[in-house]
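Remarks on the structure that follows.
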Amino acid sequence: MKIKLLNLSLAVAATVILAACTKERDINDAGNLVPKTVEQDVSLPSIAVNGTQLHAEAFGQPDDALLIVLHGGPGADYRYLLNCKGFANQGYRVVFYDQRGSGLSKRHSKDSYSLQLMYDDLTAVVTHYRTSPTQKVFLLGHSWGAMLATAYINQYPTRINGVVLAEPGGFVWQDVLDYVKRSRDIKFTSELLNDLLYADQFLTGKESEHAILDYKYGLLGIAEGSKDSPTGDEGTPPVWRPGAIVNKALFDIGERDKPDWTKNLSQYSTKVLFVYSENNKAYGLAHAQKVSSPYPNRQLLKVNGVGHNMISFPTGWNNFYPTALSYLNSLK
Amino acid sequence: MFKKILVVAFVVVSINTYGQTINWARLQKTDRHILGINTGLDYSLTAGLGYGYQLKIKIPIILNAEYSIPFGDNLLDDHKTKIGATVRLIKAGKFAFTAKVQGVFRRYESDYVRLVNFGSDMSVTGGYYKKKWFIAGEIGFDKAIVTHFKHKKFYKDVFPNVKDGWYEPSTGGNFYYGLQSGVSFKQSDITLRVGRVITQDFKTTPGLPFYAQLGYAVKLSNKK
């Protein structure tokens with residue numbers, strides 16, 4: 001028995017020594033496990049607005065109508081929405097930006113976030129790219145981005161000339177919770193569940209350690225392309241680097257304030273295009289009708305053959321784009 | 001089908017093995033081997049087996065080895081092995097206090113990455129132990145000391161410059177605290193552990209912020 005224990009100890013020691021002979025990397029260094037942000041890599045396209053630095057790009061003619069693309073999450077980035085560059089060939093100035101603390105934009109402390117700050121960032125982005133006061137401004141938001149677009153319109157009902165909303169969780173907090181609960185209805189014995197949870201014993205980080213937290217949050221992205229997920233996507237959409245802290249901060253704000261972004265929507269008489277997908281079992285027509293109902297003038301579009309990330313994949317994009325373009329052109 | 005057979009075989013074969021929770025009031029000096037199984041929540045829904053060996057010395061020390069896997073389609077892509085020792089430090093009447101130190105080797109794999117980690121798990125337990133039942137409180141710290149990352153094509157397509165290899169400093173750590181209890185009969189114990197898990201910054205919790213483990217153990221005596 002003693003000999004076996006000695007052999008086992010030697011084997012473990014040898015493995016540890018072997019591991020120690022290789023060059024270790026620092027888990028908190030950006031660029032190792034996740035890409036650097038615009039603050040750390042000056043070669044990335046960025047804009048300095050509202051006290052932060054946002055990863056941002058614009059396509060199309062500067063004087064064309066602005067189409068601001070708002071990504072989901074909170075904390076995802078605009079990479080998975082780059083199909084929307086297609087609008088730039090149709091007379092739109094398409095603006096992408098990673099929201100504060102998301103994607104490749106600058107990171108901030110958790111307690112610095114507020115919904116008003118997110119609205120102010122959007123205002124600053126519009127101001128940055130707008131070339132004249134008469135230049136029309138459209139929003140295209142997906143998931144959380146569609147919630148942000150609606151929250152902004154609710155706050156400033158006269159500023160936006162039209163909006164495309166793709167599967168927002170909800171505009172009142174309870175609808176958001178209901179949707180999130182349905183979208184996370186994952187079988188307890190599934191591979192997806194341990195893909196999502198088991199890594200928690202390998203990776204933890206303080207709130208200031210953005211690289212490791214963002215990396216860990218990114219591992220959860222596997223859910224979006226899983227056959228075990230009810231959201232029905234055909235694959236996992238690509239993102240550069242999710243923002244774990246902004247995601248946590250905005251969810252905590254939602255839990256605390258239980259926002260209702262519908263109170264002023266009756267003042268917004270412009271038609272909105274509200275989009276939902278065929279394969280997202282957590283969404284569906286009933287939720288789409290309920291969530292969109294505060295808008296007095298709305299058009300519902302069901303995108304067939306795809307799930308929640310309907311804009312990211314060819315099938316969804318081909319079914320979404322013609323109607324979205326027709327809608328925007330009707331308001332241009 | 002093969003995976004289902006493996007799961008069934010795993011459970012059947014390990015029916016006589018060990019759960020790590022021990023009724024110290026019932027443990028005899030002649031109890032040499034402890035075998036058991038357990039199932040529960042340990043960062044996922046898991047099943048485990050293990051083996052304990054009580055040293056032939058005056059102080060009760062049990063050397064132990066545990067192995068557990070989470071459920072899922074890919075049965076062996078994630079797993080955890082712990083090797084260490086449990087020692088009873090203090091015995092005062094029916095009260096006993098113990099300490100456990102284990103080395104941990106664990107593996108995680110998804111479509112993004114394969115993680116291999118060496119860590120440690122240290123805990124102390126204090127409780128009230130009778131021949132037929134016991135209840136105790138436990139607190140411990142599970143540290144992921146050094147982790148090797150090997151990313152798959154899917155992640156490399158997303159971030160081509162990702163750097164594989166060993167990462168330091170410690171990539172993670174979680175505290176856990178809870179209760180353990182059990183009933184004992186003949187050479188067997190049926191035990192239950194439940195508790196909460198919190199990350200080492202005391203501000204966040206894992207996706208599954210609690211643990212639970214139902215175990216069955218049988219002790220084999222050596223009369224010599």
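Protein chains get the first letters and strands the later ones, always in sequence-line order, with residue 1 at the start of each.
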Among [options], residue most engaged with chain A (heavy-atom pairs, under 4.5 Å):
options                                   : value
Val162(B), Asn117(B), Asp78(B)            : Asp78(B)
Gly173(B), Gly207(B), Pro70(B), Gly119(B) : Pro70(B)
Lys80(B), Lys163(B), Glu109(B)            : Lys163(B)
Asp157(B), Thr46(B), Asp77(B)             : Asp77(B)

Distance from [X] atom [atom1] to [Y] atom [atom2], nearest 0.5 Å?
X         : Y         : atom1 : atom2 : answer
Gln201(A) : Lys143(B) : CD    : NZ    : 14.5 Å
Phe159(B) : Arg241(A) : CZ    : CZ    : 9.0 Å
Asp29(A)  : Tyr167(B) : CG    : OH    : 8.5 Å
Arg25(A)  : Phe149(B) : CZ    : CZ    : 11.5 Å
Tyr198(A) : Ile69(B)  : OH    : CD1   : 9.0 Å
Ile27(A)  : Thr147(B) : CD1   : OG1   : 6.0 Å

Please flag which part of [X] lies under 4.5 Å from any non-hydrogen atom of chain B: side chain, backbone, both or neither.
X         : result
Arg79(A)  : side chain
Val34(A)  : both
Glu207(A) : both

Given a strict heavy-atom distance threshold of 4.5 Å, which part of Asp42(B) is in contact with chain A: side chain, backbone, both, or neither? backbone
Please enumerate all residues that pass salt bridge (Lys or Arg N to Asp or Glu O under 4.0 Å) together with Asp233(A), with sequence neighbours excluded.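 Checked Asp233(A) against salt bridge (Lys or Arg N to Asp or Glu O under 4.0 Å); zero matches.
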Output all residues satisfying side chain to side chain donor-acceptor pair (under 3.5 Å) with Asn174(B), sequence neighbours left out; order by chain, then residue number.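 Asn174(B) satisfies side chain to side chain donor-acceptor pair (under 3.5 Å) with Tyr43(B) only.
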Across all chains, not counting sequence neighbours, the side chain to side chain donor-acceptor pair (under 3.5 Å) partners of Asp164(B) are His151(B), Lys156(B)
Which is it for Leu115(B) and Leu203(A) under the side chain to side chain contact (heavy atoms under 4.5 Å, CB included) test, yes or no, and what are the steps along the way? CA-CA 10 Å; Leu115(B) 305 178; Leu203(A) 306 168; 4.2 Å; yes
Between Ala199(A), Gly218(A), Pro238(A), which has the largest tally of heavy atom pairs under 4.5 Å with chain B?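 Most pairs with chain B among the choices: Ala199(A).
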State, to 0.1 Å, how close [X] and [Y] come at their nearest heavy-atom pair, and which atoms those are.
X         : Y         : answer
Asn74(B)  : Glu191(A) : N-OE1, 2.9 Å
Leu197(A) : Leu208(B) : CD2-N, 3.9 Å
Leu219(A) : Val113(B) : CD2-CG1, 3.9 Å
Tyr108(B) : Asn194(A) : CE1-O, 3.6 Å

Return yes when atom [atom1] of [X] has more than 12 non-hydrogen atoms of other residues, nucleotides or ligands closer than 6.0 Å, and no otherwise.
X         : atom1 : value
Lys110(A) : NZ    : yes
Lys203(B) : NZ    : no
Ile59(B)  : CD1   : no

With a strict 4.5 Å heavy-atom criterion, list every residue of residues 194-202 of chain B that contacts chain A, or say none.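 Residues in range: Thr199(B), Gln200(B), Asp201(B).
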If we only count heavy atoms from C-beta on, is the Val158(B) to Trp240(A) side-chain gap below 4.5 Å?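 No, every pair of side-chain atoms sits at 4.5 Å or beyond.
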Between Tyr215(A) and Tyr155(B), is the gap from one ring center to the other below 6.0 Å? yes
